[in-house]
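One structure is given below, encoded as structure tokens.
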Amino acid sequence: MKVQLLKRTFLSNQTQLISQKIVQWYLDNGRHDLPWRQKVTPYRIWISEIMLQQTQVKTATPYFKSFIKKYPTQKKLSRASEDQILALWSGLGFYRRARNIFKTKEIIKEKYNNKFPKEFHQLLELPGIGKSTAGAIMSLGYRNPHPILDGNVKRVITRLVNQNLNLIKERELWKLSSQFVNKDNCFAYTQGIMDLGATICTPTNPSCKDCPVQNQCASAFNITINKNKRVAKLKKIIPMNLSLIQTKDSLLLVKNEDSSIWKNLWIPFETRSLKNYAGVFKLTSSQEIQHELTHRVLNISLNTYLSESESKINTNKKYKWIKKDRIDQYGLPKPISKVINEL
DNA sequence: AAGTCGTGGGG
DNA sequence: TCCCCAAGACT
């Protein structure tokens with residue numbers, strides 16, 4: 001009993017020392033120029049955290065800027081349509097995040113009168129906000145200490161205690177993460193441990209010599225890089241036959257409501273659904289596009305057609321003739337916007 | 001609990 | 001070239 005208590009106290013001293021060192025390192029060496037670190041509000045933290053899920057800072061930054069430019073506040077966002085939000089998400093990927101932002105802002109409007117909720121359990125109920133994102137919003141947006149567990153934190157803390165990230169269980173990771181949380185400056189700590197993971201304690205070639213907690217780290221200068229033990233599965237190949245119809249100044253696109261990939265984004269018609277329009281549209285080009293997703297390969301056969309006018313299409317799908325100069329108002333998958341830009 | 005969901009970049 | 005991974009959540 002006594003030994004355990006001593007052991008706990010020692011561990012607590014050690015984790016708090018590490019936590020404080022990370023805070024100090026962040027204040028001196030952190031990436032203070034990131035856009036979501038200026039004018040910190042729960043709303044801005046929320047948008048940034050969602051955008052940064054599985055997405056690198058460099059990739060998310062321009063999207064964050066244009067999103068905040070259009071919707072600087074919760075109230076401004078409250079009037080947005082899902083289409084408008086998806087338009088700002090075009091090319092960023094994981095589009096469910098954008099659909100969930102729409103759902104969440106609707107809930108915040110109806111249930112919280114456009115005031116961002118303050119309680120951890122309230123955040124957890126919102127679509128797209130899991131335990132880690134909720135913790136980040138609490139620590140960063142409200143300066144209310146909560147653990148987070150993203151890729152950076154997992155890597156840093158398992159290295160600190162010299163455990164194998166592939167073997168340690170999720171709940172052990174959460175337990176570890178909460179031990180390091182800094183009650184005095186949870187903002188600097190939370191930002192700091194992520195910056196540390198992103199810039200010093202990197203997946204490969206970590207620079208331990210620059211690390212503020214090298215003396216406390218059980219694997220300093222002796223990092224073993226985890227190999228993914230899971231065998232890479234063969235990607236399923238998905239054929240898509242699409243027909244992009246255009247007039248001089250507009251494009252015919254369909255809302256992709258039925259598929260789980262690119263759900264609610266706008267894409268060209270499926271070729272087979274346009275069989276009856278052979279005389280109406282004039283084939284101008286065809287091309288093969290191979291587009292890789294995480295688990296699939298899309299083989300897109302794309303035909304481009306010219307139409308004299310914005311014909312009415314006989315279908316129950318939701319389609320639109322979209323003016324080319326307004327195409328940026330619609331959510332498009334990357335390969336589709338690429339093709340359209342090349343027209 | 002293993003798959004699903006995008007896209008870009010690094011080694 | 002190929003594999004891995006990135007401020008994960010959801011099913």
Side-chain angles (χ1 to χ4, degrees), chain A residues 26 30-31 34-37 44-64 86 89-101 103-104 123-141 146-157 165-166 169-171 173-174 177 187 189-199 201-206 225-236 238 256 259-265 267 290-298 331-338:
Chain A
Y26 172 73
R31 298 177 291 180
L34 302 179
W36 44 90
R37 291 185 187 174
R44 290 164 58 101
I45 295 292
W46 168 47
I47 299 299
S48 70
E49 286 299 324
I50 301 298
M51 281 190 176
L52 287 161
Q53 287 170 0
Q54 299 291 282
T55 307
Q56 294 186 331
V57 165
K58 191 180 172 188
T59 308
T61 296
Y63 284 86
F64 178 81
L86 280 169
W89 218 268
S90 282
L92 189 55
F94 284 152
Y95 298 98
R96 181 170 60 177
R97 296 182 294 177
R99 284 179 256 123
N100 280 338
I101 282 183
K103 287 184 193 166
T104 285
L123 298 179
L124 257 190
E125 288 173 1
L126 298 170
I129 299 183
K131 207 173 161 186
S132 188
T133 300
I137 295 173
M138 292 304 286
S139 286
L140 303 174
H146 283 264
I148 62 170
L149 194 59
D150 61 356
N152 289 312
V153 174
K154 286 180 183 174
R155 188 171 59 255
V156 172
I157 62 181
L165 186 46
N166 287 334
K169 290 190 170 132
E170 192 79 2
R171 53 163 310 194
L173 286 169
W174 274 108
S177 174
F187 182 90
Y189 165 75
T190 304
Q191 299 286 18
I193 192 163
M194 289 192 283
D195 279 8
L196 191 62
T199 64
C201 197
T202 48
T204 56
N205 302 322
I225 306 300
N226 297 321
K227 287 255 182 178
N228 196 340
K229 57 185 173 173
R230 294 183 52 75
V231 183
K233 285 186 71 175
L234 209 57
K235 290 187 185 181
K236 188 192 267 187
I238 313 283
N256 189 33
S259 160
S260 57
I261 295 174
W262 298 337
K263 184 176 163 63
N264 286 1
L265 275 65
I267 63 173
Q290 187 170 87
H291 184 75
E292 293 211 25
L293 309 180
T294 310
H295 300 290
R296 309 208 167 153
V297 177
L298 307 181
L332 307 179
K334 196 66 181 181
I336 302 304
S337 60
K338 182 167 184 288

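Proteins get letters first, then strands, A, B, ... in listed order; numbering begins at 1 in each. As the structure is a prediction and not an experimental result, all values here were calculated from the model.
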Check: Is any side-chain N or O of A:S132 under 3.5 Å from a base N or O of C:dG8, one able to act as donor and the other as acceptor?
Finding: no

Checklist line | Donor-acceptor pair (no angle test) under 3.5 Å: A:R96 side chain, C:dA9 base | finding: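 Such a pair exists between side chain and base.
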
In this structure, how many angstroms lie between the [atom2] atom of [N] and the [atom1] atom of [X], rounded?
| X | N | atom1 | atom2 | value |
| --- | --- | --- | --- | --- |
| A:I148 | C:dA9 | CD1 | C1' | 15 Å |
| A:L298 | B:dT7 | CG | C1' | 12 Å |
| A:I50 | B:dG6 | CD1 | C1' | 16 Å |
| A:R155 | C:dC5 | CZ | C1' | 9 Å |
| A:I261 | B:dT7 | CD1 | P | 10 Å |
| A:K236 | B:dG3 | NZ | C1' | 11 Å |
| A:Q54 | C:dC5 | CD | P | 11 Å |

Margin query: Say we look at B:dG8 and C:dA9: how far apart would their P atoms be, to the nearest angstrom?
Written below: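 After rounding to an integer number of Å, I get 23 Å for this pair.
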
Item checked: Distance between C1' atoms of C:dA6 and B:dC5 (Å, rounded) ->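 C:dA6 and B:dC5 have their C1' atoms separated by 14 Å.
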
[X] side-chain N/O to [N] phosphate OP1/OP2 under 4.0 Å:
| X | N | result |
| --- | --- | --- |
| A:W262 | B:dT7 | yes |
| A:T55 | B:dG6 | no |
| A:Y95 | B:dT7 | yes |
| A:R296 | B:dT4 | yes |

Check: Mind checking what makes ring pair (Phe, Tyr, Trp, His ring centres under 6.0 Å) contact with A:F64, not counting sequence neighbours?
Finding: A:W36

Margin query: Just to verify, what does A:N256 make a side-chain contact (heavy atoms from CB on, under 4.5 Å) with, not counting sequence neighbours?
Written below: A:S259, A:W262, A:I267

Notebook entry, point to check: Which part of the nucleic acid, if any, lies within contact of A:W36, taking any heavy atom under 4.0 Å across all strands shown: a base, the sugar-phosphate backbone alone, or nothing?
Noted result: base

Margin query: Heavy atoms only, 4.0 Å cut-off, all strands: where does A:G197 land among base, sugar-phosphate and nothing?
Written below: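 Result for A:G197 = nothing.
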
Next item on the list: Find out whether A:T59 and A:L92 are in side-chain contact, i.e. whether some heavy atom of one side chain is under 4.5 Å from a heavy atom of the other.
Entry: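 Side-chain contact under 4.5 Å: yes.
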
Checklist line | A:Y26 and A:T190, any side-chain heavy atoms less than 4.5 Å apart | finding: no

